[in-house]
Each structure stands twice: as C-alpha cells, then as structure tokens.
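We count ligands from 1, going down the list as the structure has it; atoms in each ligand are counted the same way. All heavy atoms count here, side chains included; hydrogens, waters and symmetry mates do not.
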Amino acid sequence: MINLKNLNYKELEKFVLEKGWQKFRAKQIAKWLYNKKVKSFQEMTDLSKDIRQTLEKECEINSLQLITYQQSKIDGSIKFLWKLKDGNTIETVLINEKNHKTLCVSTQVGCAVGCRFCYTTKDGLIRNLETSEIVDQYINVQRFLGESEENRISNIVYMGMGEPLANYENVKKSVQIFTHPDMCKLSHRKITISSSGILHQIRKMYEDKDFPEVKLAVSLNASNQNQRAYLMPISQTNTLEELMELLRSIPLKPGWRITLEYVLIKNVNDTPEDAKRLVNLLKKDKHRFKVNLIPFNPYPESDFERPEENRVLAFEKILWDNNIATFIRWSKGRDIAAACGQLRKKELLQIDV
Ligand code: SF4
C-alpha cells in the first residue's frame, strides 16, 4: 500500500503517469488530499470510478488516529495525541498566538539527541516518522478545527518530538508538500525548522537546492561550551564555537533571522553572567539573530527547576540593553503539560492528566 501523502508533487505526477493516467490527475488528487482534506478516495468525485477503485485497492491516505486531546484553560493551546499504524504514539501542539495559529509538529517517535532537560529523549529514539505522518498532523488538526479563516493554521514549527534534521528526507518532503502551490500552499516564511545543532545536517539543508527555503531555529540553551556540552551532549562533538561560526556564515534572505532557543533553567544557565556571556557571543552579528527565552517547564522526575519570573525578566533585560532582540516564551499550555513528550508519557504510564 502506498500512502499518497508520502509523495511530493513530482512523485505524485510520476505515480499518476505510471498508472497510465493523464498528468492533470495529480493536480486533482492533490486538491482532494490537501485542500479538501478528504478521508476517503470515494470523496474524490471528479475522478473516474475506475481510478477511484484502483486508488482504493493500492493506496491509503490516513496515517494517524486521534487518541485524545486536551485544551489549556490558560491560553487555549491544544495538545493532540495520535496513534500511528504500528501502535506508536506521537504528539502535536496547536498554539493560539494573538493573530494566528501555529502548529508544532513531531518528526520522530522519541529522540536520540539526549538533551538533559527534555522529556522526549528519556526512552531514546524509537523511529523516524514518515512524510505522511508529519503532514497528517497538520491535515488532521486543520480538519479538527474546521476551515474557517479564523481557524486557519498559518505557521508550522518543527519543534515537537524528535530532531527534525535527523529525519532529513521525510522532513524535507513534508516541507515540499506544505509549501507547494498545488498542495498545502503555506508560506515559506511561516515554516521554521528547529534543530539541536547538528552541523553537517544544517549545512546540507542550506546546500540542498530541493529543500524549500524556510526559517531556522537552533537550540542554544547555554552561554559557553562546557555548559552546553553538559545540557546537550550533542555539543561535545558539534561545539558551540563551530555552531556559531556556521550560523554566522549561513545566507539569509532579507529580513530573515535565525532564532536561538534558550531554555532557562534555574541556577544552571539563568544567571546575569550567563546573559552577559550570551551578549558577547552574539554582539558581532546582532542583526542575524533573535533569542527566544523559554522558562523551563518541569515534569515529574525532572532534575531541573523553573526560574522565578524576576530572574527571567532580568535575563531578558540584559539582552535588550545590549540591543539583542529577545522574546520570552512563557510555555504555552502549562496546565496541559505542553512541553514535548509529556502527554504521550502520561498516556503510556496511564496517569490521569
Ligand atoms: S530537546 Fe529536541 S533534540 Fe533535544 S532531546 Fe528533546 S526532542 Fe530531542
């Protein structure tokens, strides 16, 4: 069985031609899959009965089954828990921003990167998601919300479970599907890939002519190499110095900046000295970066604590005083444990949330 959402537009055209159908059938099928978001081939009413029957016999279009969802009473964000065909589970978070909706998608079941503060990594990597499993998070949530203008998801961030660039080909294909004018039609500038900083994969993404141009976010989380290597073991081989050198050399479109994510952890990386070191790290290329400060969201068994609000604000002030664009991301949906991996873990442990 071929899942049609595993195919980018070129592959869909090839599939259609190999079946002996006319090329325009690809456009029709893409419309039903990504615009109408149908759940069955029978709904594709402008295809002939023969074509629909062949599709039904040889293909599938659904990859996720909704297990449960929870909506935050604080900010309206919604966390979805899906079951995959092999029984694994993944999460997606819908974030209600002031003027738009952002979807935070997962790219792997579990994660091998091993950041010390992250819940997702506790069980290691189980497997990569297929392209269809990434794309269906968007399709299913948009279907869940309905298609009205106010419910339209405009932004996608690859910041859920997993390291996106460790699942390179499927992430690339999902971005192609999200941005293709005959598929999901989302704007390139509203899609962000967030990486823990795998240097060769970031390089590869920028050198790859087939990877649609989208924004980059990198998890920094530290103001010096030792601290980063402690919090993010990946930094032992992909050092902070090499990372910064690479980020300074990346070609950026006019007006685009690289986002540096910084999870603030009490008494670990949240001191004024950390803020000053961060200023030093960024001062040469302030215009290239913006910093997102994310106060740590504690979870059961976590080794770390969340800093008090005044410490977070003091950290932010030092950055702004040095003209570094800085934004605090008070974790959305704290009441539904919206940090990645937590709903899944609770479901596995069968703890009431
Ligand atoms: S923070 Fe991201 S990259 Fe690090 S372990 Fe968690 S999911 Fe993986």
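A donor atom on one side chain and an acceptor atom on the other are found under 3.5 Å apart for K101 and N96. Inspection of the W82 and T92 side chains reveals an N or O donor paired with an N or O acceptor under 3.5 Å. Side-chain contact annotation: N3 with N6, donor-acceptor N/O pair under 3.5 Å absent. A donor-acceptor pair shorter than 3.5 Å cannot be found between the side chains of E163 and Q201.
Listed by number with element, the atoms of ligand 1 under 4.0 Å from a non-hydrogen atom of C118 are 1 (S), 5 (S), 6 (Fe), 7 (S). The distance from ligand 1 to the heavy atoms of T121 drops below 4.0 Å at these ligand atoms: 5 (S). Near G114, with a cut-off below 4.0 Å to any heavy atom, the atoms of ligand 1 are 5 (S). The contact set between ligand 1 and G162, taken as ligand atoms under 4.0 Å from a residue heavy atom, comprises 7 (S). Every atom of ligand 1 with a heavy atom of C111 under 4.0 Å away is listed here by number and element: 3 (S), 5 (S), 7 (S), 8 (Fe).
Among the backbone and side-chain atoms of C115, an N, O or S atom lies under 2.8 Å from atom 4 (Fe) of ligand 1.
One finds the CZ atom of R189 at 14.0 Å from the OG1 atom of T179 (value rounded to the nearest 0.5 Å).
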